[in-house]
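Worksheet: the structure to be examined is printed underneath.
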Protein chains: 4
Amino acid sequence: MSESLDDVLDHRTRVGQARRQKMLDRLIEASIMVFAERGLNGTVIDHVVRCAGVSRGTFYNYFDTIEDALETARIALGREVVLLVNDTVDAELPPAKRVALSLHVFIELARQHSLLLEFSARLGRHSFSFGSVLCQVEPGFHADGVQSGAFRDVPEELILDMLEVGTIAILGRVMAGEEVDVEAFVAAMLRVYGLGFEESVEAAMRPDPLVLPSIPDDSLLARGSVAWAKSHP
Amino acid sequence: MSESLDDVLDHRTRVGQARRQKMLDRLIEASIMVFAERGLNGTVIDHVVRCAGVSRGTFYNYFDTIEDALETARIALGREVVLLVNDTVDAELPPAKRVALSLHVFIELARQHSLLLEFSARLGRHSFSFGSVLCQVEPGFHADGVQSGAFRDVPEELILDMLEVGTIAILGRVMAGEEVDVEAFVAAMLRVYGLGFEESVEAAMRPDPLVLPSIPDDSLLARGSVAWAKSHP
Amino acid sequence: MSESLDDVLDHRTRVGQARRQKMLDRLIEASIMVFAERGLNGTVIDHVVRCAGVSRGTFYNYFDTIEDALETARIALGREVVLLVNDTVDAELPPAKRVALSLHVFIELARQHSLLLEFSARLGRHSFSFGSVLCQVEPGFHADGVQSGAFRDVPEELILDMLEVGTIAILGRVMAGEEVDVEAFVAAMLRVYGLGFEESVEAAMRPDPLVLPSIPDDSLLARGSVAWAKSHP
Amino acid sequence: MSESLDDVLDHRTRVGQARRQKMLDRLIEASIMVFAERGLNGTVIDHVVRCAGVSRGTFYNYFDTIEDALETARIALGREVVLLVNDTVDAELPPAKRVALSLHVFIELARQHSLLLEFSARLGRHSFSFGSVLCQVEPGFHADGVQSGAFRDVPEELILDMLEVGTIAILGRVMAGEEVDVEAFVAAMLRVYGLGFEESVEAAMRPDPLVLPSIPDDSLLARGSVAWAKSHP
DNA sequence: TATGAATGAGTGTTCATTCAT
DNA sequence: AATGAATGAACACTCATTCAT
């Protein structure tokens with residue numbers, strides 16, 4: 001019936017932290033949108049705070065620099081994407097199929113969410129990259145593939161580099177509205193892994209239908225896409 | 001013994017044009033150096049004019065914006081590199097060998113001229129790219145390769161994209177001082193073209209000794225490297 | 001056995017006041033330390049509250065502005081120093097001796113407590129001053145000295161000015177780590193009072209040993225010095 | 001009848017330098033006025049540029065920081081004052097008389113030019129000081145005085161300190177509109193030098209009439225005073 | 001054509017102050 | 001009374017661009 005002092009303090013602490021987290025989310029969401037729209041060198045702190053509808057000073061309560069905001073945003077968005085891709089790709093598939101499917105899912109995800117597409121394409125290596133997504137989804141994956149004979153012995157950092165910059169290049173073309181032969185790209189990536197031509201083409205085929213992960217309503221991607229749609233009619 | 005008025009005017013015009021060209025060269029050289037050092041977003045007009053030893057106003061007599069200066073600089077430097085690579089690579093070699101050799105020459109050229117290395121690696125796709133070098137060296141090359149069966153039928157823009165961003169990624173690692181397995185990279189690129197693994201490894205081997213083009217003393221690369229060496233001891 | 005309502009309220013009031021006083025002391029101590037460290041224009045409210053380990057808002061419950069905090073701090077510290085000096089200087093000594101001894105004690109006190117030294121030297125006339133110390137220790141002292149023939153008839157505010165700014169200048173040199181001839185300074189001050197050269201030199205001699213006041217453990221100076229020592233190793 | 005290229009360049013150079021010097025003077029004059037009005041911590045770059053009627057950017061073409069502007073201003077104004085005082089004080093006078101006269105002239109100068117008064121009083125030791133004026137007017141002066149027996153052997157830095165902070169204190173009172181006994185102050189300063197009381201009083205007497213230096217119309221002091229008068233009716 | 005001073009919009013950063021909890 | 005997040009005015013500094021000489 002009556003609260004102790006501790007209860008009160010605890011309550012305050014909890015409420016305070018929740019509010020803080022909420023503001024942080026708001027800023028992150030705004031950062032993602034602005035960076036997606038204007039790229040790394042086109043966005044300034046003012047854009048972010050205006051998009052978030054908060055004051056200049058508030059930004060500095062959460063970040064030190066605009067790069068810091070980007071860093072935080074890309075980590076948050078990257079984590080979500082990793083989980084989504086992870087949910088979709090069956091761990092039992094053979095390595096080449098898994099790489100191919102991951103790529104297809106990631107690219108299709110970007111196709112369907114311009115927010116993600118523009119964020120990735122415009123920030124390039126300053127965004128989280130498909131390479132890092134793959135690494136986080138399955139560390140040790142490349143070594144296993146080599147050992148099982150699915151892949152050839154190609155330096156891992158070379159593969160990750162090519163996956164990363166290759167995906168960025170593809171997304172750039174998608175963003176530009178070009179027709180893109182995604183299967184050809186995926187096949188090329190598999191050949192970087194060491195697959196032969198026919199194998200690569202075979203494994204790169206896109207499943208039909210391509211099953212996409214379901215996106216929680218309160219995810220950055222969902223909320224961001226809604227806001228994005230409003231401002232990009 | 002005496003000159004006509006026309007002669008005089010003509011002489012003046014010629015002298016004027018020569019002076020203008022000289023100033024332009026000076027600004028281009030300065031631009032290359034500054035962009036190589038500070039990248040796209042780190043360089044401002046002041047850096048260029050101070051490096052060239054001219055006044056602010058002069059810059060605007062030759063360029064509209066700093067991006068304009070970069071554009072001019074990359075075209076000039078790109079043209080030189082195209083010629084150099086062209087000089088070195090024997091047009092009689094089989095297609096895969098020619099791609100491989102071009103890549104080796106280009107990368108080695110960059111290795112030996114930090115100016116070129118840093119310009120390419122730091123500017124990335126804002127620099128001229130290896131892809132465009134290859135296109136200019138031999139347009140129609142890819143189609144011929146496909147027709148002759150040397151390459152498989154892979155979309156040309158995909159290949160050029162991968163060559164471009166792949167080379168940039170490799171140069172980035174070289175610039176960072178990392179050990180880079182260039183042959184593995186070249187082989188991967190050849191597999192993008194559709195070669196099988198063994199063929200790709202075979203064709204990607206770097207000739208020993210690798211013959212580099214001789215660089216004219218009055219080229220941008222030569223003059224720039226000298227100036228570069230002075231300021232980067 | 002049971003308390004009346006009045007008793008309860010009274011108790012609450014007393015407890016509340018004690019708590020308030022405690023917080024005030026904490027803020028004053030923090031203010032002294034921060035101002036000693038960063039001077040008048042280098043310190044902002046945040047420094048004080050962080051040093052005191054309280055929240056921003058609390059500051060405003062006790063002070064209106066940062067200058068207000070300084071004012072309160074200097075008065076509190078000034079009062080302590082006055083008492084300390086007063087304790088040490090024998091009221092029976094002849095006037096010149098008393099001035100000289102006060103100066104020696106004050107300067108030595110500052111020498112031994114960097115907190116006091118830096119607070120005084122860095123804040124200058126925004127600190128409490130030796131002049132005001134003397135005034136509070138013995139009002140009417142100057143007039144008495146003149147009447148008794150110990151001092152000449154020199155405008156009192158002139159003397160206080162010179163004592164104040166002179167002491168600050170000396171402390172500045174001490175803080176800077178210079179060798180300072182304190183006796184020469186004291187003699188000069190006595191000559192401002194009107195003493196002849198030889199007299200001034202004679203009266204300015206520092207007693208050996210110089211007896212310093214004992215500093216209560218719960219004084220600002222003692223507590224501040226302990227905290228100061230922790231943060232200035 | 002015709003100019004050579006060299007002549008043209010030379011002319012341009014001279015014109016350019018003259019213009020630059022003029023703008024510098026304008027900024028210095030504005031700096032002096034603003035600092036005199038608002039003190040060290042009250043003035044910001046905007047005040048100076050608005051007072052000078054130029055743009056923000058222009059300030060940075062001449063100074064790095066506001067402190068830099070102050071430094072430049074104090075040196076310029078200090079130099080003028082040194083010359084003025086120097087012009088007035090007869091080098092043949094005995095040392096004590098010279099010190100006394102210098103002080104009288106300086107203080108009277110400040111009295112008659114509020115610009116100088118407020119600049120000195122408000123900036124305190126951040127202004128040029130009387131001590132430094134004296135040093136520049138006659139280096140070696142103190143040592144000579146000691147050797148000739150006019151002064152006693154008192155540490156020179158002590159004397160300069162006292163002259164400096166003492167003069168500032170006096171000017172502060174003058175600025176505040178108080179009645180100030182300047183002769184008593186001068187006498188006190190002479191006693192710091194080691195003079196006996198009667199000698200000090202005798203030598204400190206202000207000549208009547210006190211001859212002041214004539215101030216050139218294009219001096220900072222003259223121009224500044226005119227501008228000052230306009231804005232301080 | 002070359003010069004370089006002047007401009008001012010744009011941006012980052014600080015910090016006193018308010019206020020809901 | 002204590003907290004600390006939010007605010008926004010104030011200020012420093014940069015840099016592309018213009019223009020008189």
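Here is how names work: the chains are called A, B, and so on, in the same order as the sequence lines, proteins then strands, and each is numbered from 1.
With a cut-off of 3.5 Å on both Watson-Crick or G-U wobble distances, the partner of F:dA20 is given as E:dT3. When Watson-Crick and G-U wobble pairs are counted only if both distances are under 3.5 Å, E:dT14 pairs with F:dA9.
Rounded to whole angstrom, the span from the OH atom of C:Tyr60 across to the P atom of E:dA20 amounts to 17 Å. For the pair C:Arg38 CZ and E:dT14 C1', the interatomic distance rounds to 13 Å; values are reported in whole Å. Rounded to whole Å, atom C1' of E:dT1 lies 13 Å from atom CG of B:Leu27. When the P atom of F:dA6 is taken as reference, atom CZ of A:Arg26 falls 8 Å away, rounded to whole Å. Counting to the nearest Å, the P atom of F:dC15 and the CG atom of D:Asn61 are 14 Å from each other. Protein atom CG of C:Asp46 is 17 Å distant from nucleotide atom P of E:dT13, rounded to whole Å. Atom pair C:Asp68:CG and E:dA16:P shows a separation of 13 Å (rounding to whole Å applied). We find that CE of A:Met23 is positioned 17 Å from P of F:dG4, with the value rounded to whole Å.
Projected onto DNA chain F by closest heavy-atom contact, D:Gly57 and A:Tyr62 fall at different nucleotides, the more 5' of which corresponds to A:Tyr62. Ranked by how close their nearest DNA chain F nucleotide is to the 5' end, B:His47 and A:Gly16 are led by A:Gly16. Remark on DNA chain E: of its neighbouring residues C:Thr65 and A:Thr65, the 5'-side contact belongs to A:Thr65, judged by nearest-heavy-atom nucleotide.
Taking only side-chain atoms of B:Arg56, from C-beta outward, the nucleotide of F:dA1, E:dT11, E:dA5 with the closest atom is E:dA5. Closest to the side chain of D:Arg19, from the set F:dC13, E:dA16, F:dT21, is F:dT21. Distance from the side chain of B:Val54 is smallest to E:dT3 among F:dA5, E:dT7, E:dT3. Checking F:dT7, F:dC13, E:dA2 against the side-chain heavy atoms of B:Ser55 singles out E:dA2 as nearest. Of all nucleotides listed (E:dA5, F:dA16, E:dT13), E:dT13 comes nearest to the side chain of A:Ile45.
Nucleic acid contact for D:Phe63: none, since no nucleic acid atom lies under 4.0 Å from a heavy atom of the residue.
Shortest non-hydrogen contact noted between D:Gly224 and D:Met33 is O-SD, 4.3 Å.
Under a cutoff of 6.0 Å and an axis angle of 45°, D:Arg20 and D:Tyr62 form a cation-pi pair.
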Q.
Would B:His232 and B:Glu37 count as a side-chain hydrogen bond (donor to acceptor under 3.5 Å, both in side chains) here? Give the steps.
A. CA-CA 10 Å; B:His232 297 77; B:Glu37 201 169 5; 3.2 Å; yes
Q: Please test C:Val54 against C:Met23 for side-chain contact (heavy atoms from CB on, under 4.5 Å), starting from the C-alpha separation and ending with a verdict.
A: CA-CA 9 Å; C:Val54 300; C:Met23 178 61 91; 3.6 Å; yes
(Q) Evaluate C:Phe59 against C:Asp46 for side-chain contact (heavy atoms from CB on, under 4.5 Å), listing each step before the verdict. (A) CA-CA 9 Å; C:Phe59 181 91; C:Asp46 220 43; over 6 Å; no
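Side-chain atoms of B:Arg20 stay outside donor-acceptor range of the base of E:dT1, with no qualifying N/O pair under 3.5 Å.
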